[in-house]
Undergrad: 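Have a look at this one.
Because the structure is a prediction, the values reported are computed rather than measured. So you know, we letter chains A, B, ... as the sequences are listed, proteins then strands, and number each from 1.
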Number of protein chains: 4
Amino acid sequence: MVEKITDKKELLQRFRTEGILAAAIKVIAQKGLEKATMEQVAEEAGISKATIYLYFKNKDDLYYHCVMTRFEKIMGLIREALEGIDDPVEKIKVLVITQVKAMEVEKDFFRVFFTERMSLFLDQSTEFGQGFFKKHEEYEGLITSALKEGMDSGTLREIDPKKAFSILFAMIRGMAMFNIICEKRESLSSEAGLILDVFFNGLNPGVRIRPHKVD
Amino acid sequence: MVEKITDKKELLQRFRTEGILAAAIKVIAQKGLEKATMEQVAEEAGISKATIYLYFKNKDDLYYHCVMTRFEKIMGLIREALEGIDDPVEKIKVLVITQVKAMEVEKDFFRVFFTERMSLFLDQSTEFGQGFFKKHEEYEGLITSALKEGMDSGTLREIDPKKAFSILFAMIRGMAMFNIICEKRESLSSEAGLILDVFFNGLNPGVRIRPHKVD
Amino acid sequence: MVEKITDKKELLQRFRTEGILAAAIKVIAQKGLEKATMEQVAEEAGISKATIYLYFKNKDDLYYHCVMTRFEKIMGLIREALEGIDDPVEKIKVLVITQVKAMEVEKDFFRVFFTERMSLFLDQSTEFGQGFFKKHEEYEGLITSALKEGMDSGTLREIDPKKAFSILFAMIRGMAMFNIICEKRESLSSEAGLILDVFFNGLNPGVRIRPHKVD
Amino acid sequence: MVEKITDKKELLQRFRTEGILAAAIKVIAQKGLEKATMEQVAEEAGISKATIYLYFKNKDDLYYHCVMTRFEKIMGLIREALEGIDDPVEKIKVLVITQVKAMEVEKDFFRVFFTERMSLFLDQSTEFGQGFFKKHEEYEGLITSALKEGMDSGTLREIDPKKAFSILFAMIRGMAMFNIICEKRESLSSEAGLILDVFFNGLNPGVRIRPHKVD
DNA sequence: TATGAATGAGCCTTCATTCAT
DNA sequence: AATGAATGAAGGCTCATTCAT
């Protein structure tokens with residue numbers, strides 16, 4: 001009996017939390033982080049400003065959870081997409097495409113994430129920085145292990161996998177940023193192929209081993 | 001005689017402008033954009049808050065000029081470094097290295113630039129956005145033309161040069177961001193070689209045409 | 001029960017609003033509009049500056065409501081005083097006296113109203129101007145209708161009632177201003193009789209139909 | 001010789017002074033007193049901000065002189081218009097009409113004078129207040145003496161001439177204000193007749209001795 | 001005399017955050 | 001648990017005014 005009540009509480013808790021996060025993401029995506037006020041988030045969530053503080057410590061905390069939620073969602077999608085795939089190169093391909101598509105779905109939010117207050121996540125002396133760092137390492141692991149497999153099997157050239165990850169990630173983020181931001185004509189996901197092409201084949205002429213096409 | 005006076009005035013003008021900019025860059029690099037107050041900038045510059053407004057319209061304008069100044073300086077360095085170099089691949093190599101080194105010198109400032117209020121420069125409906133866009137196009141041209149040359153001469157594989165630029169730029173920016181931000185052990189410039197290696201050769205195994213070493 | 005709560009809220013709302021207005025009127029009357037700061041008003045009201053902004057949009061809005069409140073109060077007094085009076089000339093007499101006395105009670109505030117930022121109320125392209133205009137028309141109607149009655153009944157000479165109102169109002173305001181401002185020895189209300197005398201009889205010699213005495 | 005130089009100096013002095021005043025009046029009429037900045041006045045006058053302070057103590061002083069200049073000009077016009085007129089009633093008529101017309105010519109400036117910072121002139125504890133008071137007494141004398149003449153000759157009813165002046169002046173100012181401000185369809189001067197009519201004949205019915213027409 | 005340059009002194013306004021109910 | 005009400009803390013910006021040249 002008591003458990004049920006607890007369950008109910010947890011349910012409500014989760015319900016509220018998610019409602020607030022959804023509202024926050026929407027408002028932040030629309031107005032940008034700085035201009036998004038707690039008031040607006042509360043209004044969008046249909047609750048009172050003070051209530052937000054029952055579920056989140058402060059504005060930074062709220063934003064942090066917005067980002068982490070997105071992050072986790074994307075990680076989930078990636079894991080899902082990777083299921084059943086063995087070929088490391090294929091894995092990476094799927095990874096990139098999934099990632100890129102996921103970001104495209106929430107363009108507006110990621111625009112903010114990429115352009116405002118990233119510092120919040122990068123200062124590892126803070127709770128937020130540490131939390132983000134952990135998630136990021138998990139993500140890094142996902143890609144790094146695929147790269148390693150490729151290198152071990154001889155499909156990929158041997159270079160420091162962490163560095164390879166860094167580069168790949170940089171390409172994704174970089175392309176994402178400018179595609180997201182500049183409202184390019186071509187969809188972001190259509191450029192995933194290009195990223196992969198360069199990442200695998202480079203710009204040198206010669207027999208391209210892996211042409212890539214994204215559906 | 002009259003010229004002299006004008007010169008003096010211009011000199012003072014330039015002196016103040018640069019003094020303020022230097023102060024602003026310092027303060028912003030230290031505290032971040034949001035937390036940097038006009039008061040602090042003024043203090044650092046050894047002048048009064050109101051004086052800043054004689055030289056810059058407002059805080060955004062001040063920051064905009066901070067960024068543009070850095071941009072121009074880097075472009076100057078790049079142009080200088082490119083002098084006398086004919087080989088397109090070599091050009092690109094030099095370009096990347098120069099760029100990366102320049103950013104490293106002002107780590108703290110670029111950390112802010114990459115993580116706070118980039119939106120200011122990306123909204124092309126504003127004066128700031130347009131100004132930045134123009135400079136950026138110039139920069140794009142610098143790299144794109146080198147890439148084109150390489151493609152025309154057959155040294156590089158034919159792909160849309162603008163896209164190639166995007167990717168290269170993304171790699172630089174991405175590596176920069178995370179190296180700058182995460183206080184990695186390795187210096188940013190030492191990774192320029194890696195960037196170039198991947199950019200030219202990709203991760204596929206095979207004969208690497210262009211090994212790169214950065215001094 | 002629910003009603004009670006609402007009532008309480010409304011009560012508090014009204015309480016605060018009136019408290020702030022009273023404080024504002026006091027401070028403004030003392031220091032003048034320009035020199036009266038929101039800080040001072042808040043202090044006088046025993047609340048925080050920010051709280052004022054919960055009840056009024058900005059300083060202009062606050063001042064606007066100060067004026068409108070006075071206006072409404074005076075209109076109320078006039079309506080009350082007119083009750084049971086039928087004779088149009090008597091009505092006008094009462095009107096003028098009531099008005100003049102009411103202004104005298106709040107000399108200091110009306111001094112400010114007459115001498116500072118009247119423009120705020122006179123620019124009908126603004127919300128404030130329109131609000132004021134409406135109230136003023138109501139007030140005009142009150143007097144105009146009395147004047148019309150008088151003209152219809154033959155007690156008063158026929159002239160455009162609106163113009164008659166304008167003149168009467170001008171006299172009141174003019175006398176008020178200079179009596180209020182110049183700290184004349186004679187009380188403002190004692191001059192109401194004079195106003196009425198001239199308004200009805202003019203300066204021409206001849207049988208004065210209506211001598212006026214104000215108690 | 002020395003005198004000539006002094007004269008030249010005086011001439012320049014006067015020239016500058018008048019230039020600044022003209023500029024100030026223009027700017028103030030356009031923007032209102034509060035929004036008119038010393039900078040704008042200087043620009044309009046084609047000189048530097050600092051130069052204004054060579055000729056006027058401060059902004060208030062400048063405004064004061066703007067007003068006094070207008071005042072003196074109007075007094076001059078009135079004196080001129082009164083020349084050769086003997087009939088006191090006629091004098092008053094001319095007085096009112098001249099005054100009203102003069103204000104109409106500089107509507108915009110008088111709008112400001114009537115609605116902003118009149119307090120500056122009304123506080124007789126200040127130099128400005130005293131200066132204004134003196135001029136105003138002179139003006140009062142002009143009208144009062146005409147009124148007295150009329151009373152002495154039996155053309156006008158006997159009442160305290162100062163009070164009669166007050167009332168007449170109130171009517172003029174009041175009508176002026178609302179005509180000036182409200183952009184009434186009828187020209188201000190066309191209402192001078194009405195003012196005079198009421199002032200002389202009142203609203204009582206009966207033989208109107210003095211119908212007034214204004215050209 | 002004229003001015004370019006500099007500034008002191010404030011004030012309004014905004015919000016994230018708290019707390020009594 | 002939820003919130004309406006209140007506020008502390010700051011910061012950008014504007015001008016009138018001064019002064020060295």
Side-chain angles (χ1 to χ4, degrees), chain A residues 8-9 12-13 15-16 34-42 45-63, chain B residues 5-6 8-9 12-13 15-16 20 34-42 45-62, chain C residues 5-6 8-9 12-13 15-16 20 34-42 45-62, chain D residues 8-9 12-13 15-16 34-42 45-63:
Chain A
K8 262 187 189 169
K9 276 190 181 177
L12 185 61
Q13 185 89 356
F15 178 70
R16 275 268 186 266
E34 265 184 299
K35 300 225 167 132
T37 70
M38 297 302 263
E39 182 69 52
Q40 288 164 340
V41 172
I47 59 171
S48 136
K49 218 183 349 177
T51 305
I52 299 179
Y53 287 87
L54 293 179
Y55 298 89
F56 299 93
K57 259 207 297 275
N58 52 36
K59 198 187 179 184
D60 277 357
D61 188 42
L62 175 58
Y63 181 54
Chain B
I5 290 171
T6 310
K8 259 188 190 167
K9 282 188 184 174
L12 186 62
Q13 185 90 356
F15 178 70
R16 275 272 183 264
I20 294 170
E34 267 183 298
K35 300 237 165 120
T37 72
M38 296 302 261
E39 183 69 50
Q40 287 164 343
V41 173
I47 56 171
S48 136
K49 217 189 336 181
T51 304
I52 299 179
Y53 288 88
L54 290 182
Y55 297 89
F56 300 94
K57 264 206 291 278
N58 52 36
K59 198 185 178 185
D60 276 358
D61 189 41
L62 175 58
Chain C
I5 290 171
T6 310
K8 259 187 189 168
K9 281 188 184 173
L12 185 61
Q13 185 90 355
F15 178 70
R16 274 272 183 265
I20 294 169
E34 266 183 299
K35 302 233 166 122
T37 73
M38 296 302 262
E39 183 68 50
Q40 288 163 343
V41 173
I47 58 172
S48 136
K49 218 187 339 179
T51 304
I52 299 179
Y53 287 88
L54 291 182
Y55 297 88
F56 300 93
K57 264 208 290 281
N58 51 37
K59 199 185 176 185
D60 276 359
D61 189 41
L62 176 57
Chain D
K8 261 187 187 168
K9 275 190 180 175
L12 185 62
Q13 184 90 354
F15 178 69
R16 274 270 187 265
E34 266 184 299
K35 301 226 167 132
T37 70
M38 297 301 264
E39 182 69 51
Q40 288 164 340
V41 173
I47 58 171
S48 137
K49 220 186 342 179
T51 305
I52 299 179
Y53 287 87
L54 293 180
Y55 298 89
F56 299 94
K57 260 206 298 275
N58 52 35
K59 198 186 180 186
D60 277 358
D61 188 41
L62 175 58
Y63 181 52

Undergrad: May I ask you to evaluate whether B/Thr51 reaches the phosphate of E/dT7, defined as a side-chain N or O under 4.0 Å from OP1 or OP2?
TA: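 Answer yes for this pair, as a side-chain N or O of B/Thr51 is under 4.0 Å from OP1 or OP2.
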Undergrad: Rounded to the Å, how far apart are A/Glu39 CD and E/dA16 P?
TA: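 To the nearest whole Å, that distance equals 9 Å.
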Undergrad: Nearest 0.5 Å please: distance from the CZ atom of D/Arg16 over to the CD1 atom of D/Ile47.
TA: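 The CD1 atom of D/Ile47 is 6.0 Å from CZ of D/Arg16, to the nearest 0.5 Å.
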Undergrad: Once you round it to whole Å, what is the distance between P of F/dA20 and CG of B/Leu12?
TA: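 It is 16 Å, rounded to the nearest whole Å.
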Undergrad: OP1, OP2 of F/dA1 versus side-chain N and O of A/Tyr55: anything below 4.0 Å?
TA: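 No, no such contact exists.
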Undergrad: Quick one: A/Tyr53 OH to F/dA5 C1', roughly how many Å, whole number?
TA: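 So the two atoms are 15 Å apart, to the nearest Å.
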Undergrad: Provide, to the nearest angstrom, the distance between the CG atom belonging to B/Asp61 and the C1' atom belonging to F/dC13.
TA: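 Roughly 14 Å, once rounded to whole Å.
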Undergrad: Paired with F/dA1 by Watson-Crick or G-U wobble geometry, both distances under 3.5 Å: which nucleotide is it?
TA: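 The answer is none; no pair meets the criterion.
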Undergrad: Could you state the atom-to-atom distance from NZ of B/Lys59 to C1' of F/dG11 in whole Å?
TA: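 For the pair B/Lys59 NZ and F/dG11 C1', the rounded distance is 8 Å.
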Undergrad: Among E/dA16, E/dT7, F/dT3, which nucleotide sits nearest the side chain of B/Ala50?
TA: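 The closest nucleotide is E/dT7.
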Undergrad: Whether the side chain of C/Lys49 and the base of E/dT13 hold a donor-acceptor pair under 3.5 Å is what I'd like checked.
TA: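 Yes, a donor-acceptor pair under 3.5 Å.
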Undergrad: B/Lys35 or C/Ile47: which one's nearest nucleotide on DNA chain F is closer to the 5' end?
TA: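 That would be C/Ile47.
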Undergrad: If I take atom CZ in residue C/Phe56 and atom C1' in nucleotide E/dT13, what distance separates them, rounded to the nearest angstrom?
TA: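 Nearest whole value for this atom pair: 16 Å.
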Undergrad: Quickly, which of D/Asp60, D/Asn58, D/Ile52, D/Leu54 forms a side-chain contact (heavy atoms from CB on, under 4.5 Å) with D/Phe56? Name it, please.
TA: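 The side-chain contact (heavy atoms from CB on, under 4.5 Å) with D/Phe56 is passed solely by D/Ile52 among D/Asp60, D/Asn58, D/Ile52, D/Leu54.
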Undergrad: Just by distance, do the side chain of B/Lys59 and the backbone of B/Ala36 share a donor-acceptor pair under 3.5 Å?
TA: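 Yes.
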Undergrad: Nearest 0.5 Å, please: how far is OH in B/Tyr53 from CG in B/Asp61?
TA: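 That separation rounds to 10.5 Å.
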Undergrad: Is F/dT7 paired to anything, Watson-Crick or G-U wobble with both distances less than 3.5 Å, and if yes, which nucleotide?
TA: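 Answer to the pairing question: E/dA16, which forms a Watson-Crick or G-U pair with F/dT7.
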Undergrad: So what's E/dG10 paired with, Watson-Crick or G-U wobble, going by both distances under 3.5 Å?
TA: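 By the stated definition (distances under 3.5 Å), F/dC13 pairs with E/dG10.
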Undergrad: To the nearest Å, how far apart are D/Phe15 CZ and E/dT1 P?
TA: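 These atoms are roughly 16 Å apart.
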Undergrad: In whole angstrom, give the distance that lies between atom CE of C/Met38 and atom C1' of F/dT7.
TA: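 Computing the C/Met38:CE to F/dT7:C1' distance gives 14 Å.
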